[in-house]
Structure formats: C-alpha cells, structure tokens
Amino acid sequence: MTFFGQLGGRVIGAPSILSADFSELAEEVRRAERGGAELVHFDVMDNHFVPNLTVGPAVAASLAAAVDLPIDAHLQVTNPDNLIPSFIEAGVVSISVQPEVVTHLHRTLGLIRAGGCEAGVALNPTTPPELIAWALPYVDYINVMSVNPGFGGQDFIPEMVEKVRRLKELTDVPVEVDGGITVQTAPLMVEAGAQILVAGSAVFKGDPATEMQRIIEAGQSAR
Ligand code: DX5
Ligand code: ZN
C-alpha cells in the first residue's frame, strides 16, 4: 500500500509533531486524527542542516506502534543516508530528504524506495523546482517548504504559492506544503495545486481536532 500513490486528487491534512506536546505524542496525534488528519508529519532535525534538534528513529518506532495513522518522516539533516535504514525499520511509510545537501540524490531516493517507503524531496524556499527535474521519475511526493526549515511558528513566505503552481506545470507528483499553513494560507496553496497540508503551530495552538478540521476544510473548499 502506498500513501501518496493512492492519494488521487484528494486534499488532506498532516499535523507536524514539532509543535505537539512531546510528553504525550501519541495522544496529540490521535487528537489531530479526530479532526480528520490522515498522515503524521514527523520532523527530524540534526542541529547541522538546521539549527534545531528533534527526534529520531526510536521515537518514530514508538509512535508508529502506538498510533493508526501512517508516518511521513521529513529529514532535515545533512546526512540522510545514515538514517534512512533506521526510519524504514521504524515503520514510517514515507521519507523526504533535502536535495540541497544530498550529493547523490538518485541513489538516496532509490535507498528509500528499496526499503518499501515512498520517496520525497523537500525544497527550501529559495531552491528552484528545476533542481529536481531529473529526479522526478524517482520521486513520489514533493514538499514545498513555505518557511525556512528548522522551527515551527514562522511566517508563511507568499512567493511559495507561485512555486507550487510552477511545480504542478512540471509534474503530476503530489505536492505537500509545509510552513505557516493556516486556514488563511491553506486555500492559496491548494488553489495552486497542493494536496498535503502540513501544519504544526496552527494545529497545536488550540484543540488539535478542531484546528486540524478547520485547516482541512479551508483547503478542500479551494479545490
Ligand atoms: C519546519 C518544519 C515544519 C514545521 C511547520 O522546519 O519542517 O514541519 O513544523 O511548522 P508550522 O506549521 O508552525 O509553520
Ligand atoms: Zn516538516
């Protein structure tokens, strides 16, 4: 079963655990699931590619065993190849890497797919869509970062709407958007072609079920 491969034209919500209460991570995910979330966005940071540090494969494995939703790992790390086997083992369904720091992207994407996961690329705000043009046959989803990776709660970068539109002219690969996604910005991104709405602070700032539902509905209404 492939998550992104079976998405069709649907617009879905994915809570980013970065803004959740880590002391009750599984329950936080279940709260967002009650609001209609279909995927967990699991942010991995290494204090090298980004200045922040989060969690790794051990936490992903515990979470995968505790919740029903599939887990998408976003590796904001300098050396993803070192971690990919452990995340596959942990039971995540998909893994995205940052092509800005991957030397042999074709090989890295192949490593993810060979482990039975779907392979994604996450683009920094100033990374052009053309960077991944020759990787597209090996990509199952594209994450358009609409903030600089590293922290939750940053301001949405408005030029990223046009970037989503541009990517959708290049490819049918599903586009995920990540950073500053709210009830206000989700419709702009969906109208441009985004289908997976990642939201951290906007979901966990209040009741996660209510906030997740509002974002999904706002996004779906723009279709
Ligand atoms: C940022 C992460 C995001 C982050 C988004 O580096 O990739 O997933 O959690 O947070 P919000 O939704 O608060 O912008
Ligand atoms: Zn992310």
Side-chain angles (χ1 to χ4, degrees), residues 2-5 7 14 16 18 39 41-54 56-57 60 71-88 92-152 154 156-157 159-181 189 192-198 200:
T2 60
F3 185 85
F4 294 96
L7 197 57
S16 163
L18 189 60
L39 182 70
H41 185 81
F42 192 96
D43 279 300
V44 182
M45 303 185 182
D46 66 348
N47 182 35
H48 192 268
F49 174 66
V50 294
N52 203 353
L53 183 68
T54 60
I71 299 175
D72 172 31
H74 177 193
L75 303 190
Q76 293 144 95
V77 305
T78 305
N79 291 308
D81 291 11
N82 295 346
L83 289 168
I84 286 166
S86 306
F87 275 103
I88 291 167
V92 305
V93 300
S94 55
I95 299 173
S96 66
V97 298
Q98 298 274 162
E100 300 87 359
V101 286
V102 174
T103 309
H104 306 291
L105 184 59
H106 175 267
R107 181 184 294 154
T108 298
L109 296 170
L111 188 62
I112 296 169
R113 280 186 169 180
C117 287
E118 290 180 287
V121 284
L123 305 179
N124 279 347
T126 58
T127 300
E130 290 73 17
L131 182 78
I132 56 162
W134 292 91
L136 288 174
Y138 310 95
V139 168
D140 298 301
Y141 63 108
I142 301 165
N143 178 352
V144 173
M145 292 296 302
S146 32
V147 298
N148 291 292
F151 300 96
Q154 303 180 81
F156 179 78
I157 300 173
E159 289 77 15
M160 296 305 103
V161 175
E162 204 46 46
K163 188 164 165 183
V164 171
R165 217 182 298 280
R166 175 73 173 275
L167 268 163
K168 294 311 292 183
E169 288 166 6
L170 287 180
T171 179
D172 286 338
V173 169
V175 169
E176 176 173 283
V177 285
D178 182 8
I181 300 301
M189 291 302 228
Q195 290 182 256
I196 303 98
L197 301 168
V198 174

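On a predicted model such as this, the values are computed, not experimentally measured, just so you know.
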Worksheet item: Between the side chain of Thr54 and the main-chain N/O of Met45, is any donor-acceptor distance below 3.5 Å?
Response: yes
Worksheet item: If you measure from the Lys or Arg side-chain nitrogens to the Asp or Glu carboxylate oxygens, is any gap between Arg113 and Asp140 under 4.0 Å?
Response: yes
Worksheet entry | Which residues share a ring pair (Phe, Tyr, Trp, His ring centres under 6.0 Å) with Phe4, sequence neighbours left out | Tyr141
Discussion item. Restricting to non-hydrogen atoms, name the atom on Gly150 and the atom on Asn52 that form the minimum distance, rounded to 0.1 Å.
Written reply: O-ND2, 2.9 Å
Item to complete: Locate the shortest heavy-atom distance separating Gly180 from Val147; write the atom from each residue and the value.
Response: N-CG1, 3.9 Å
Worksheet item: Just wondering, do Leu39 and Glu176 contact through their side chains at under 4.5 Å, heavy atoms?
Response: yes
Item to complete: Mark yes or no for whether Lys163, through its side chain, and Met145, through its backbone, hold a donor-acceptor pair below 3.5 Å.
Response: no
Fill in: Heavy-atom pair of closest approach, residues Thr127 and Glu100
OG1-OE2, 2.5 Å
Item to complete: For Lys168 and Val173, indicate whether the former's side chain and the latter's backbone hold a donor-acceptor pair under 3.5 Å.
Response: yes
Practice prompt. Measure from the side-chain N and O atoms of Ser146 to the backbone N and O of Ile157, and report whether any donor-acceptor pair falls under 3.5 Å.
Written response: no
Worksheet item: Glu169 versus Leu167: any side-chain heavy-atom pair under 4.5 Å?
Response: no
Worksheet item: Under 4.5 Å between any side-chain heavy atoms of Phe49 and Val97, yes or no?
Response: no
Worksheet entry | Worked verdict on Asp46 versus Val44 for side chain to side chain contact (heavy atoms under 4.5 Å, CB included) | CA-CA 7 Å; Asp46 66 348; Val44 182; over 6 Å; no
Practice prompt. Could you check Thr108, Val121, Asn79 and say which one makes a side chain to side chain contact (heavy atoms under 4.5 Å, CB included) with Val102?
Written response: Thr108
Response to the item:
Scanning both residues in full, the closest heavy-atom pair of Ile142 with Leu123 reads CG2-CD1, 4.1 Å
Discussion item. As a quick check of understanding, evaluate side chain to side chain contact (heavy atoms under 4.5 Å, CB included) for Leu109 and Val139, giving each step before the final call.
Written reply: CA-CA 7 Å; Leu109 296 170; Val139 168; 3.7 Å; yes
Fill in: salt bridge (Lys or Arg N to Asp or Glu O under 4.0 Å) involving Glu159 - partner list, sequence neighbours excluded
none
Worksheet entry | Exam field: side chain Gln154 to backbone Gly179, donor-acceptor pair closer than 3.5 Å | no
Practice prompt. Compare every heavy atom of Val92 with every heavy atom of Cys117, then report the nearest pair and how far apart it is.
Written response: SG-O, 3.2 Å
Worksheet entry | Intermediate values then yes/no, side chain to side chain contact (heavy atoms under 4.5 Å, CB included), Asn143 and His41 | CA-CA 11 Å; Asn143 178 352; His41 185 81; 3.9 Å; yes
Worksheet item: Can you find a pair of side-chain heavy atoms, one from Thr171 and one from Ile132, that are under 4.5 Å apart?
Response: no
Practice prompt. Evaluate side chain to side chain contact (heavy atoms under 4.5 Å, CB included) for Leu75 paired with Phe87, printing each intermediate quantity in order.
Written response: CA-CA 10 Å; Leu75 303 190; Phe87 275 103; 3.7 Å; yes
Item to complete: Write down the atom of Gly115, the atom of Ile88, and the distance for their closest heavy-atom approach.
Response: O-CG2, 3.3 Å
Worksheet item: If you round to the nearest 0.5 Å, how far is CZ of Arg165 from CE of Met189?
Response: 10.5 Å
Item to complete: Verify the distance criterion only: is there a donor paired with an acceptor across the side chains of Gln98 and Asn124 at less than 3.5 Å?
Response: yes
Fill in: Inter-residue atom distance Glu118.CD - Leu7.CG, 0.5 Å rounding
9.5 Å
Worksheet, complete the sentence: In this structure, CG of Asp178 is separated from CG of Asp43 (nearest 0.5 Å) by 6.0 Å
